[in-house]
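This report concerns only the one structure given below.
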There are 2 protein chains.
Amino acid sequence: MSSAQGGAYERPHRPARPEAALAANRRSAIRQAALRLFAAQGYRSTTMADIGAAIGIRGPSLYKHVASKHELLAEIMIGTMEQLIAGNIAAVAGADDVREQLRRSVEAHIRYHARHRLEAFVGNREIGSLEQPAQDRVLGRRSDYERRFRELIERGAAEGAFRVQSARIASYSILDMGIGVSSWFHEGGEFTVDQLAYQYGDIALRVVGARPLGGSPDPLCE
Amino acid sequence: MSSAQGGAYERPHRPARPEAALAANRRSAIRQAALRLFAAQGYRSTTMADIGAAIGIRGPSLYKHVASKHELLAEIMIGTMEQLIAGNIAAVAGADDVREQLRRSVEAHIRYHARHRLEAFVGNREIGSLEQPAQDRVLGRRSDYERRFRELIERGAAEGAFRVQSARIASYSILDMGIGVSSWFHEGGEFTVDQLAYQYGDIALRVVGARPLGGSPDPLCE
DNA sequence: GAGCTTGGCTACTGGGCATTAGCCATCTCA
DNA sequence: TGAGATGGCTAATGCCCAGTAGCCAAGCTC
């Protein structure tokens with residue numbers, strides 16, 4: 001599945017370049033191919049030759065565009081955490097009520113894990129493949145992200161809006177169910193991303209024992 | 001971190017055998033060491049030399065006890081799924097009410113993921129490292145396990161005990177929060193296994209919108 | 001106590017892989 | 001138009017690793 005075929009290369013030495021504008025996209029094409037392969041085969045099982053083949057060049061040619069295989073992984077993983085955190089900050093800022101803040105946070109979390117399932121999947125599976133200092137950077141952001149959920153739930157509990165035995169376990173539950181989405185969701189399945197986000201928002205509010213906001217009662221307590 | 005050190009071996013060629021009874025335990029010691037290393041470093045990054053070193057022998061000597069590295073992984077993963085399914089069957093058989101069946105199923109799920117966190121962790125991360133037919137066997141059992149939860153929730157909903165928008169999503173949520181436990185739980189932390197199982201049981205009942213069983217109301221609805 | 005079994009060991013085989021070296025065709029732009 | 005930049009390529013380097021071959025010491029059994 002992975003390595004080059006020994007001798008006998010079929011491609012001509014110098015294929016007519018399809019389009020000139022491709023050059024600028026080369027790097028992002030490599031990143032996309034790497035992401036797809038890391039998700040499908042794992043980082044360690046993906047070779048530079050595989051990534052090259054996915055965009056029609058040889059493995060060593062990749063080094064004209066990227067510094068190393070590890071750099072590709074590190075970029076994916078750090079970028080993922082940055083986007084998750086940015087999404088969470090925006091979600092919390094978009095509402096005043098703690099229930100609504102939690103709902104929006106969960107919806108953003110689910111949306112990301114559905115829309116960027118490969119990034120999220122790789123981001124969760126390959127932490128151990130990261131070398132330092134990239135690993136510490138990713139783990140640090142991951143802690144920040146978790147803390148944001150935990151503190152939101154603690155605040156909701158302090159205000160009497162939520163009722164939980166442990167904010168830590170409630171936050172882990174909610175985060176982990178989102179992470180799971182990245183391993184089974186696929187576009188065109190039973191649910192759209194929006195439906196998914198909404199349903200998980202409901203579930204999260206149940207998990208924290210949210211009291212109804214305004215008029216509409218929680219489905220559990222009507 | 002992994003390979004042998006070139007030349008210069010310090011151990012004598014024939015160490016006095018510590019105890020005769022060790023021989024019988026050799027195979028399980030190897031399995032345990034492999035499990036620990038697979039969890040810590042990943043299957044691909046763990047070498048036979050690593051596993052051997054963990055029990056004080058050389059890599060090639062392992063082949064006197066096991067057929068291949070892959071066999072070690074396959075045993076761990078198939079065994080894990082068998083135990084999860086057996087635990088679920090026992091949990092469901094232990095109660096008549098569907099709420100109680102769900103609670104016991106979730107408690108068994110959580111207990112397994114806390115007590116056998118390495119097995120569960122490896123079992124979830126290394127599916128792609130399994131070769132056929134082992135991979136299909138594991139995936140088949142995994143589907144069975146998921147279906148058992150889904151059908152239990154569907155039954156509860158049909159009986160009016162649960163209220164969910166999608167039994168599939170509810171079951172995935174519950175399973176995924178348990179899987180998450182295997183990545184953060186450690187003995188001696190904030191919670192005991194029993195406390196964890198009980199709390200997750202509560203959370204699962206909230207997720208499915210369970211109506212109170214008998215006298216005691218759900219904490220959310222009192 | 002001799003031969004078989006067990007379970008170590010070292011050396012080796014056959015292969016894979018990230019990365020580097022160095023070549024060269026095309027393109028760009030002065 | 002020609003020199004440098006760009007981005008391919010093949011070959012080579014250096015390393016790692018699963019698994020095999022074959023040796024050998026200790027224990028067991030008859």
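Protein chains get the first letters and strands the later ones, always in sequence-line order, with residue 1 at the start of each. Scope of the values below: all heavy atoms of this structure, side chains included, with no hydrogens, waters or symmetry mates.
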**Item:** Between P of D:dA18 and CG of B:Leu73, the distance in whole Å
**Value:** 13 Å
**Request:** Find which nucleotide of DNA chain C each of B:Pro60 and A:Gly59 is nearest to by heavy atoms, and output the residue with the more 5' nucleotide.
**Result:** B:Pro60
**Nearest-nucleotide pick for B:Met48, side chain only, options being D:dA18, D:dG8, C:dT10** = D:dA18
**Request:** Compare side-chain N and O positions of A:Arg26 against OP1 and OP2 of D:dG8 and report whether any pair is under 4.0 Å apart.
**Result:** yes
**Request:** Identify whether any heavy atom of B:Lys69 sits under 4.0 Å from a base atom; if not, whether one sits that close to sugar-phosphate; answer base, sugar-phosphate or nothing.
**Result:** sugar-phosphate
**Request:** Whole angstrom is fine here: how far is it from OH in B:Tyr63 over to P in C:dT13?
**Result:** 17 Å
**Asked** Could you state the CG-C1' distance from B:Leu72 to D:dA18, rounded to the nearest angstrom?
**Response** 12 Å
**Message:** What is the distance, to the nearest angstrom, from the NZ atom on B:Lys64 to the C1' atom on D:dA26?
**Reply:** 13 Å
**Message:** Looking at C:dC9, I'd like to know if its phosphate oxygens (OP1 or OP2) sit under 4.0 Å from a side-chain N or O belonging to B:Ser61.
**Reply:** yes
**Prompt:** Minimum heavy-atom separation for B:Leu130 to B:Gln135, with atom names?
**Reply:** O-NE2, 3.5 Å
**Message:** Assess, by modelled atom type and distance only, whether the side chains of B:Ser45 and A:Arg44 contain a donor and an acceptor separated by less than 3.5 Å.
**Reply:** yes
**Prompt:** Between atom CG in B:Asn25 and atom P in C:dG7, what is the gap in whole Å?
**Reply:** 12 Å
**Asked** CZ of A:Arg58 versus P of C:dG22: gap in Å, rounded?
**Response** 22 Å
**Asked** Does the side chain of B:Arg168 pick up a donor-acceptor pair with the side chain of B:Tyr172 at under 3.5 Å?
**Response** yes
**Request:** Find the distance B:Asp50:CG to D:dC16:P and express it as a whole number of Å.
**Result:** 12 Å
**Item:** B:His65 vs C:dT6: side-chain N/O to OP1/OP2 distance below 4.0 Å
**Value:** no
**Item:** A:Ile57 CD1 to D:dC9 P, straight-line distance once rounded to whole Å
**Value:** 6 Å
